[in-house]
Amino acid sequence: MAKYKLEYIWLDGYEPVANLRGKTQLKDYDSFPKLEQLPMWGFDGSSTRQAEGKSSDCMLKPVAVYPDTTKKNGVLVMCEVMMPDGKTPHPSNSRAGIMDDPGAWFGFEQEYFLYKDGAPLGFPPGGGFPPPQGEYYTGVGYKNVGNIAREIVDTHLDLCLDAGINHEGINAEVAKGQWEFQIFGKGSKSAADQMWMARYILMRLCEKYSVDVVWHCKPLGKDVDWNGSGMHSNFSTTHMRDVGGKEYFEALMAAFDKYKNEHIAVYGPDNHLRLTGLHETQSIDKFNYGIANRGASIRVPHSFVNNGYKGYLEDRRPNSQGDPYKIASRILRTIATVPTK
């Protein structure tokens, strides 16, 4: 037997955006533990806004497990928060009740800023702005990406792959100090589990560089000419991939328009700062779609139309702080209102 370091990771009770939390326990196993071998574990919910001090116990229920190659016998354990009985989901548990469908595929495009000493990497010390947007997107060279960002994002990519997370790519984004990574998963819970774990791995990695990951959708403010951060959500169902058709697509878009407010409600806080109609966005109070239109609510890939209106679509409204559990579930709930026959 060997001692395995089990890092239990969960979402706390802060609003409107939950924080990631983690703590480690050691357990003996003959080999890398399977999910069903991992015990539930208690924690002090009064310190995470999930309980009162006079009755502070909450429980962590393991729901996904990943190798952690940064440690000998390291294990990353994604958890749901449960009430003390270990059976009832805690009110802050955004995963337990979401709509799921193994045939639904999600690709999340997570944008974020890397900050050091209160400003994005590459911004002038003491205030001010670097040269305007233009060469930063997919940029190369010190003047565009600096001297540590590339090391961070490349290491993050490798750590995610080591963990079995379906990381699909990285690129420097439109604003200075802004980056993106992409995660793909089948089923809303699996895809969102991987996204939360990828976020955790990035934040923990940045600790050694004295760098913070800023997930806010518009950290530089609404009134400056700098892009915000989104989490564009690519989605498809079995019916969309195998059957599709123009009539079904138009009915789907009508449903997304009908429920636009319900989508915005779970697409991340402060989205009114980002969804202004500028910087590759549609206004927050409007819904539209367009072929290859990055200023639309839903971008329709050329491949979707050329394939007989079959394939995937991209919802560009979710922002970088959005909870992927809630986002994926809302997308599926809207799709479920559209008949397939």
Side-chain angles (χ1 to χ4, degrees), residues 98-111 166 168-169 171 180 182-192 194-195 228 230-268 271 274-320 322-341:
I98 69 171
M99 191 170 186
D100 201 8
D101 173 8
W105 297 358
F106 291 93
F108 295 116
E109 303 176 25
Q110 176 71 71
E111 296 176 335
N166 201 2
E168 292 213 316
N171 58 268
E180 176 186 298
Q182 300 102 33
I183 300 293
F184 172 79
K186 297 181 179 180
S188 54
K189 288 185 176 179
S190 175
Q194 292 183 68
M195 174 53 75
M231 189 172 65
H232 305 149
S233 299
N234 302 279
F235 62 91
S236 69
T237 62
T238 301
H239 186 83
M240 288 173 64
R241 294 189 299 274
D242 295 347
V243 181
K246 187 174 183 179
E247 182 178 349
Y248 177 76
F249 164 73
E250 290 177 345
L252 199 61
M253 292 300 93
F256 272 77
D257 189 6
K258 177 180 178 180
Y259 293 106
K260 59 180 175 289
N261 292 334
E262 287 83 354
H263 282 258
I264 293 299
V266 298
Y267 275 9
N271 229 356
R274 171 179 162 263
L275 298 181
T276 61
L278 302 173
H279 301 108
E280 301 179 318
T281 69
Q282 173 57 284
S283 297
I284 194 169
D285 59 341
K286 298 178 181 178
F287 175 84
N288 73 329
Y289 60 89
I291 298 173
N293 184 356
R294 295 184 180 276
S297 309
I298 299 276
R299 181 182 68 86
V300 183
H302 281 289
S303 61
F304 182 88
V305 177
N306 295 339
N307 193 36
Y309 289 83
K310 292 190 292 185
Y312 77 93
L313 299 169
E314 179 191 32
D315 193 330
R316 296 181 60 80
R317 296 169 296 170
N319 78 33
S320 47
D323 182 342
Y325 294 130
K326 296 178 182 179
I327 293 167
S329 181
R330 181 63 251 179
I331 288 172
L332 290 182
R333 291 186 189 283
T334 296
I335 292 174
T337 68
V338 182
T340 55
K341 294 182 181 180

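Just so you know, residue 1 is the first one in the sequence shown, and it goes up from there.
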Checking [X] now: which residues fulfil side chain to side chain donor-acceptor pair (under 3.5 Å) with it, not counting sequence neighbours?
{"X": "Lys326", "value": "none"}
{"X": "Glu180", "value": "Gln182"}
{"X": "Ser329", "value": "Arg333"}
{"X": "Ser233", "value": "none"}

Is the closest side-chain heavy-atom distance between [X] and [Y] below 4.5 Å?
{"X": "Ile327", "Y": "Asp315", "value": "no"}
{"X": "Met99", "Y": "Ser188", "value": "no"}
{"X": "Gln282", "Y": "Arg316", "value": "no"}
{"X": "Phe249", "Y": "Val300", "value": "yes"}
{"X": "Val266", "Y": "Asp323", "value": "no"}

Return the set of residues passing side-chain contact (heavy atoms from CB on, under 4.5 Å) with [X] (not counting sequence neighbours), or none when no residue passes.
{"X": "Lys341", "result": "none"}
{"X": "Lys258", "result": "none"}
{"X": "Ser320", "result": "Gln110, Cys217, Ser229"}
{"X": "Asn306", "result": "His302"}

List the atom of [X], the atom of [Y], and the distance in Å for their closest heavy-atom pair.
{"X": "Phe108", "Y": "Ala192", "answer": "CE1-N, 4.2 Å"}
{"X": "Phe106", "Y": "Ala191", "answer": "CB-CB, 3.9 Å"}
{"X": "Asn166", "Y": "Gln194", "answer": "N-OE1, 2.7 Å"}

remark   = Quick note, salt bridge (charged side-chain N to carboxylate O under 4.0 Å, His left out) partners involving residues 280-306, not counting sequence neighbours, are Arg299-Glu314
Distance from [X] atom [atom1] to [Y] atom [atom2], nearest 0.5 Å?
{"X": "Thr237", "Y": "Leu313", "atom1": "OG1", "atom2": "CG", "answer": "9.5 Å"}
{"X": "Ile331", "Y": "Asp101", "atom1": "CD1", "atom2": "CG", "answer": "12.5 Å"}
{"X": "Ser190", "Y": "Trp105", "atom1": "OG", "atom2": "CH2", "answer": "12.5 Å"}
{"X": "Tyr267", "Y": "Asn261", "atom1": "OH", "atom2": "CG", "answer": "12.0 Å"}
{"X": "Glu247", "Y": "Leu252", "atom1": "CD", "atom2": "CG", "answer": "12.5 Å"}
{"X": "Ile264", "Y": "Asn271", "atom1": "CD1", "atom2": "CG", "answer": "5.5 Å"}

So, does [X] use its side chain to make a donor-acceptor pair with the main chain of [Y] at under 3.5 Å?
{"X": "Arg274", "Y": "Arg317", "answer": "yes"}
{"X": "Arg241", "Y": "Gly103", "answer": "yes"}
{"X": "Ser297", "Y": "Asn288", "answer": "yes"}
{"X": "Thr337", "Y": "Thr334", "answer": "yes"}

Please name all residues satisfying ring pair (Phe, Tyr, Trp, His ring centres under 6.0 Å) with [X], sequence neighbours left out, ordered by chain then number.
{"X": "Phe256", "result": "Phe235, His263"}
{"X": "Phe287", "result": "none"}
{"X": "Tyr259", "result": "none"}

key: Trace of the side-chain contact (heavy atoms from CB on, under 4.5 Å) decision for Ile335 with His239   = CA-CA 10 Å; Ile335 292 174; His239 186 83; over 6 Å; no
